[in-house]
Amino acid sequence: MNLLDVTLVIMTISIIPCLYRILAGPTLPDRVVGLDALTLVMVVTLGVYSYVKESPFFLDAALVLSIITFVGTIAIAKYLDMGEIF
């Protein structure tokens, strides 16, 4: 078992606290932070998995996921601040 396999296992285990924050977060901003952390873990996991499998296709998925998450986070933050998105 090499270092990249250990990294994938650790990243998979680190999903658990993110899911806890999403499900048990007392406020909506806590849940948004949990969702951001979860998608960050997923993007890093996809990057490491892409390197392990020597396939660039997972990097495309990681890029799209991070862009969608960024736009969603900005939209939610604007909604929480002003009460409307547009």
Side-chain angles (χ1 to χ4, degrees):
M1 188 170 209
N2 61 15
L3 185 61
L4 292 174
D5 293 333
V6 173
T7 304
L8 286 174
V9 170
I10 290 172
M11 295 308 289
T12 304
I13 292 171
S14 66
I15 289 176
I16 295 169
C18 298
L19 288 175
Y20 174 76
R21 181 51 51 202
I22 292 170
L23 297 175
T27 63
L28 186 59
D30 290 331
R31 289 187 169 107
V32 171
V33 169
L35 188 62
D36 281 341
L38 178 69
T39 54
L40 177 67
V41 169
M42 290 171 56
V43 166
V44 171
T45 304
L46 281 171
V48 172
Y49 188 72
S50 174
Y51 182 77
V52 168
K53 295 298 180 182
E54 297 177 356
S55 174
F57 300 114
F58 295 107
L59 292 177
D60 294 339
L63 181 64
V64 169
L65 182 62
S66 62
I67 291 171
I68 289 172
T69 302
F70 174 74
V71 171
T73 301
I74 297 299
I76 292 172
K78 189 171 179 184
Y79 176 74
L80 291 175
D81 186 39
M82 298 180 179
E84 60 183 26
I85 295 175
F86 298 109

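Reckoned from all heavy atoms, side chains included, excluding hydrogens, waters and symmetry mates.
- Hydrophobic clustering places Val43 together with Ile22 (ILVMFWY residues linked when any side-chain heavy atoms are closer than 4.5 Å, directly or through intermediates).
- With sequence neighbours excluded, no residue forms a side-chain contact (heavy atoms from CB on, under 4.5 Å) with Pro56.
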Please tabulate, one pair per line, all N/O donor-acceptor pairs under 3.5 Å involving side-chain atoms of residues 57-69, not counting sequence neighbours.
residue : atom : partner : partner atom : Å
Ser66   : OG   : Ala62   : O            : 3.2
Ser66   : OG   : Leu63   : O            : 2.8
Thr69   : OG1  : Leu65   : O            : 2.7

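- Side-chain atoms of Ser55 never come within 3.5 Å of backbone atoms of Ser50 as a donor-acceptor pair (strictly under, hydrogens ignored).
- With hydrophobic clusters built from ILVMFWY side chains whose heavy atoms lie under 4.5 angstrom apart, Val6 does not share a cluster with Val48.
- Arg31 contributes atom CZ, which lies 7.5 Å from atom CG of Leu28 (distance to the nearest 0.5 angstrom).
- Connection of Val9 to Met11 is not established within any shared hydrophobic cluster, with ILVMFWY side chains joined at heavy-atom distances below 4.5 Å, either directly or through further cluster members.
- Residue pairs meeting the side chain to side chain donor-acceptor pair (under 3.5 Å) criterion with at least one partner in residues 2-12, sequence neighbours excluded, are absent.
- Taking hydrophobic clusters as Ile, Leu, Val, Met, Phe, Trp and Tyr residues chained together by side-chain heavy-atom distances below 4.5 Å, Val44 shares a cluster with Ile15.
- Residue pairs meeting the ring-ring contact (aromatic ring centres under 6.0 Å, His included) criterion with at least one member in residues 63-83, sequence neighbours excluded, do not occur.
- Pairs engaging residues 7-46 under the ring-ring contact (aromatic ring centres under 6.0 Å, His included) rule: none recorded [sequence neighbours left out].
- Arg21 and Pro26 make their closest contact through NH1-CD, 3.4 Å (heavy atoms, listed as atom of the first residue, atom of the second, distance).
- A distance of 10.0 Å separates OG in Ser14 from CG in Leu19, rounded to the nearest 0.5 Å.
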Donor-acceptor contacts, no H, no angles, side chain residues 33-42, under 3.5 Å, sequence neighbours left out:
residue : atom : partner : partner atom : Å
Asp36   : OD1  : Thr73   : OG1          : 2.6
Asp36   : OD2  : Thr73   : OG1          : 3.4
Thr39   : OG1  : Leu35   : O            : 3.1
Thr39   : OG1  : Asp36   : O            : 3.0

